[in-house]
Amino acid sequence: MTTTGVQAIIPAFQELKVCAEAHWKGLWKSGRTVITVGTAACGQAAGALEVLQAFRDEVSKLNLDCRVIEVGCMGHCYAEPIVIISKPGYPAICYGHVNPVIAGTLVKEFVAGDNPCLEFVLGALEKNDLIPSLSEFPRAQYEKKLILKNCGHIDPTDIEQYIANGGYLALEKALRMRPEKVIDEVKRSGLRGRGGAGFPTGQKWEICRNSAGKPKYAICNADEGDPGAFMDRSIIESDPHSVLEGMLISAYATGARQGYIYVRAEYPLAVERVQIALRQAKKLGLLGREILGSNFSFDIKLFQGSGAFVCGEETALIASLEGEAGTPHVRPPYPAVSGLFGKPTTINNVKTLTYVRHIINNGAEWFAGIGTKGSRGTAVFALAGKIVNTGLVEVPMGTTLRQVIFEVGSGIPNGKKFKAVQIGGPSGGCLPESALDLPIDFDSLKKAGAMMGSGGMVVLDEDDCMVEIARYFVEFTQRESCGKCTYCRLGTKQMLEILTDITKGRGKLEDIDMLQHLAEGVKAGSLCGLGKTAPNPVLTTLRYFRNEYEAHVREGRCPSLMCPDLIAYYILPHKCERSCDACVGTCSVEAISPDKKRIKVIDQEKCVKCNNCLVACPLQYNAVVKLSPPGKVPTSKK
Amino acid sequence: MTEEKIKQHTRQVLKSFSKKKGNLIPILQRVQGRLGYLPREAMLEVAEFLGLPPIHVYGVVTFYNQFRLNPPGKHSVRVCLGTACHMKGGYITLDAWKRRLSIGAGETTTDREFDLDTVACVGCCVMAPVTVLDEKPMGKVDPTKVDGLLLAFEREREGKKKQ
């Protein structure tokens with residue numbers, strides 16, 4: 001780069017920064033209350049848009065000097081919709097499970113009056129004498145937020161809020177460094193790709209930089225297809241510019257001129273927010289020709305996936321960008337040498353790119369100081385399933401599974417017992433109680449039979465059948481297999497048939513060994529990550545929960561009372577209350593009727609096992625039970 | 001929709017694209033956005049525009065889950081079958097939708113009011129089981145809520161009739 005280029009960067013960025021900071025300060029002008037509503041997809045599913053409207057209506061009705069803004073997701077998804085009210089004279093207070101009625105109350109009582117309505121409070125954002133703060137929650141002692149820091153605190157559709165909070169500072173710094181120095185910094189930080197495989201990011205960039213061929217491409221892989229994972233969605237919806245900044249720095253380091261951000265079609269809100277972010281960055285000269293007055297030019301196009309899980313694999317993703325069906329190719333050559341249109345291409349996961357700006361800002365040594373020896377930095381997990389605090393967590397690598405599930409996630413709801421945790425989606429595995437003290441990093445999880453994958457963590461309790469979950473994942477990978485490799489195409493199909501037989505009580509004892517055999521075959525005989533890892537859920541459940549497979553096969557019994565073909569619903573006559581008709585009304589197929597004594601009886605022929613009656617039966621009676629095998633139901637006398 | 005109309009719409013979409021093969025998927029997405037599905041005539045038109053054999057276009061359309069070959073219903077019902085949704089009874093919810101609408105996944109009701117499909121994961125795992133109704137993710141949809149949602153649509157339809 002020429003020296004004139006370097007000199008132009010500082011004033012150009014300074015101007016943006018001053019402007020953004022003034023804008024940010026204006027928002028928080030003294031005396032004004034600011035209400036932020038989390039409207040990421042998880043919030044919207046819980047009704048955040050109605051809450052947002054309710055706040056706006058009430059504020060304008062009372063004619064208050066109060067700003068209502070939309071922000072992303074702060075990770076406490078279990079309490080959605082989440083609202084933060086910052087009123088002068090009070091700490092910023094976070095409210096959970098807000099609905100339109102509560103919204104109206106909060107405006108009337110707290111914004112207009114001065115009753116902070118403690119009954120709706122989740123916690124304060126900073127320590128104070130009035131309300132316990134979120135940082136005093138037990139989980140806070142394990143969490144370390146780097147890439148989730150902005151999420152839920154800034155408006156993702158406003159670039160100035162990002163800049164005012166330290167955004168694009170790393171880009172400015174990187175542009176004043178030599179590209180080789182940027183790569184060196186990332187290499188020394190020990191950052192490994194967060195897409196699942198854990199390849200060292202700096203090394204990938206270096207290979208791309210040193211590869212001949214022009215133009216070079218930089219791709220952000222936001223095709224987060226793992227069912228049960230939603231970290232990338234949340235980051236893009238809550239802090240899209242942090243992803244763009246990472247892409248810009250990677251492009252500068254590798255010498256790429258054109259970038260693509262490949263977002264899943266199932267994430268319409270993420271698509272929308274990326275579009276807005278791209279438009280704003282272009283307008284401020286942070287994207288496009290001669291960025292910040294330097295001689296570095298880079299443009300990013302948004303590409304929407306079309307619903308194919310295999311496109312998360314880098315060579316399949318490239319095929320899809322080229323207008324082909326997304327089937328993977330043999331590597332090498334790796335995309336960093338020959339990728340999109342045969343040119344050197346880096347493909348990085350959303351989270352990987354989001355870390356980059358922190359590394360540039362704080363230095364490689366700082367980042368390398370977090371986490372474990374082989375896995376530096378933090379890990380982001382999406383907690384879902386049977387866990388109290390569902391949501392996003394970011395913890396340093398090396399934290400144990402037990403700490404994440406029981407301390408950060410507050411354990412299993414309804415007094416149930418922990419059974420297993422499914423990590424890494426269809427490529428990962430189910431780990432039992434005995435693996436809970438495992439420190440989480442790339443290598444330890446692999447050793448236990450699972451893998452980091454993209455970071456989805458689904459907690460399973462005693463009601464979840466391990467054969468069924470194995471069947472579920474194989475059904476998924478079988479459907480999503482692109483069909484190129486025989487082992488993956490046919491092997492997963494055979495495995496699915498065997499597993500389906502077992503869950504329906506038609507399994508044979510030799511099937512279990514056959515399953516093991518097939519699983520090892522598919523692992524060895526497939527080209528890409530999808531096939532290579534597809535047997536993991538089966539292998540881990542066989543390894544840790546073989547007794548459940550045997551119960552299905554030998555006794556036709558589902559120990560967790562989950563497999564529909566191996567259970568029957570039954571109403572215990574001595575517990576059923578004569579005057580109660582709750583189950584009769586709720587039955588979706590009219591299978592329940594009272595007998596002469598008005599004790600309710602289920603017609604097993606009609607029952608579709610929809611679980612409605614069990615939910616409807618009042619707790620004090622608790623008369624509906626599931627029995628397995630179904631033959632246990634006493635034959636009724638008519 | 002007549003053949004001519006389909007071609008017209010498709011050509012309208014093609015106007016804003018260059019003849020690059022890499023544009024195939026974005027073009028198909030835009031055409032489907034306009035027509036609701038990808039009829040034969042539209043695929044032929046796209047193939048001719050990009051200079052590709054029609055079988056290539058058909059191959060891509062059938063490879064990706066997002067593209068559909070039959071017209072959608074007025075309301076779209078997408079039952080999420082992600083891991084969390086499945087374990088929290090998403091399959092029971094899917095059964096309920098199938099039973100109430102009398103169609104299977106990937107089908108449209110005969111009155112073209114609803115189409116039913118599954119989706120791998122919409123990333124709202126904390127609200128499991130999720131059903132996406134007309135692009136809006138709804139949390140905690142169990143069989144009872146399915147009945148409630150359908151009732152709401154019926155009331156809406158009746159209300160419109162009265163007007």
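FYI, side chains are in, hydrogens and waters are out, and symmetry mates aren't considered; it's all heavy atoms of this structure. The shown structure was predicted, so the numbers you read here are calculated from the model rather than taken from an experiment.
With chain B as the partner, the residue from S234(A), A384(A), G47(A), G326(A) showing the most heavy-atom pairs under 4.5 Å is G326(A). Among K88(B), R100(B), M138(B), R99(B), the residue with the largest count of heavy-atom pairs under 4.5 Å with chain A is R99(B). Chain B forms the most heavy-atom pairs under 4.5 Å with one residue out of Q44(A), E266(A), M231(A), E322(A), and that residue is E322(A). The most heavy-atom pairs under 4.5 Å with chain B, out of G483(A), A325(A), G385(A), come from A325(A). Ranked by non-hydrogen atom pairs under 4.5 Å with chain A, the options N23(B), V130(B), L81(B) are led by L81(B).
Listed here is the closest heavy atom pair of I25(B) and Q304(A): CG2-O, 4.2 Å. The nearest pair of heavy atoms linking G391(A) to V126(B) is N-CG1, 3.7 Å. Counting all heavy atoms, side chain and backbone alike, A120(B) lies closest to P227(A) at O-CB, 3.7 Å. G82(B) and Y472(A) get closest at one heavy-atom pair: C-OH, 2.9 Å. Closest approach of H56(B) to G323(A), counting heavy atoms only: NE2-O, 3.0 Å. Annotation for H86(B) and M562(A): closest pair O-CE, 4.4 Å, computed over non-hydrogen atoms.
Around CZ of R34(B), the count of heavy atoms belonging to other residues, nucleotides or ligands within 6.0 Å exceeds 12. Summarising the local packing, OH of Y58(B) is surrounded by 12 or fewer heavy atoms from other residues, nucleotides or ligands at distances under 6.0 Å. Counting heavy atoms of neighbouring residues, nucleotides and ligands inside a 6.0 Å radius, atom NZ of K504(A) does not exceed 12 of them. Around atom NZ of K74(B), no more than 12 heavy atoms belonging to other residues, nucleotides or ligands sit under 6.0 Å away. Summarising the local packing, CD of E462(A) is surrounded by more than 12 heavy atoms from other residues, nucleotides or ligands at distances under 6.0 Å. Within 6.0 Å of atom NZ in K161(B), 12 or fewer heavy atoms from other residues, nucleotides or ligands are found, so the atom counts as exposed in its surroundings.
Annotation: the span from N65(B) atom CG to R479(A) atom CZ amounts to 7.0 Å, rounded to 0.5 Å. Separation of atoms CG (N611(A)) and OG1 (T93(B)) is listed at 10.0 Å; rounding is to 0.5 Å. A distance of 12.0 Å separates CG in L269(A) from CD in E135(B), rounded to the nearest 0.5 Å. With rounding to the nearest 0.5 angstrom, the CE atom of M457(A) is 13.5 Å from the SG atom of C125(B). Put simply, CE on M87(B) and CG on L460(A) are 5.0 Å apart, with the number rounded to the nearest 0.5 Å. Summarising the geometry, atom CG belonging to D142(B) is positioned 6.5 Å from atom CG belonging to N612(A); distances are rounded to the nearest 0.5 Å.
Residues V608(A) and D95(B) form no side-chain contact, since every pair of their non-hydrogen atoms from C-beta on lies 4.5 Å or further apart. When side chains are defined from C-beta on, F230(A) does not count as touching C124(B), because their heavy atoms never get closer than 4.5 Å. Looking only at side-chain heavy atoms (C-beta outward), F476(A) and T83(B) stay at 4.5 Å or farther from each other.
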Run T327(A) and F63(B) through side chain to side chain contact (heavy atoms under 4.5 Å, CB included) and show every step you take. CA-CA 9 Å; T327(A) 48; F63(B) 182 86; 4.2 Å; yes

Could you give me the CA-CA distance, side-chain angles and deciding distance for M127(B) and C77(A), then say whether side chain to side chain contact (heavy atoms under 4.5 Å, CB included) is met? CA-CA 9 Å; M127(B) 304 302 295; C77(A) 305; over 6 Å; no

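The parts of S588(A) that come within reach of chain B are both its backbone and its side chain, each placing non-hydrogen atoms under 4.5 angstrom from that chain. Contacts between L383(A) and chain B at a heavy-atom distance below 4.5 Å involve the backbone alone (N, CA, C, O). With a threshold of 4.5 angstrom between heavy atoms, F303(A) approaches chain B through side-chain atoms but not through N, CA, C or O. Using a 4.5 Å cut-off between heavy atoms, S320(A) contacts chain B through both its backbone and its side chain. Interface remark: P426(A) contributes no atoms to any contact with chain B (heavy atom separation under 4.5 Å). Only the side chain of C311(A) has a heavy atom closer than 4.5 Å to any heavy atom of chain B. There is no contact between V459(A) and chain B, counting heavy-atom distances below 4.5 Å. Proximity to chain B is absent for every atom of F309(A), based on heavy atoms less than 4.5 angstrom apart. R78(B) does not touch chain A: none of its heavy atoms, backbone or side chain, sits under 4.5 Å away. Looking at V589(A), the atoms closer than 4.5 Å to chain B (heavy atoms on both sides) all sit in the side chain, from C-beta outward.
A donor-acceptor pair shorter than 3.5 Å can be found between the side chains of S306(A) and Q29(B).
Look at E324(A) and K21(B) and you find a salt bridge, because one of the NZ, NE, NH1 or NH2 atoms lies within 4.0 Å of a carboxylate O, short of that distance.
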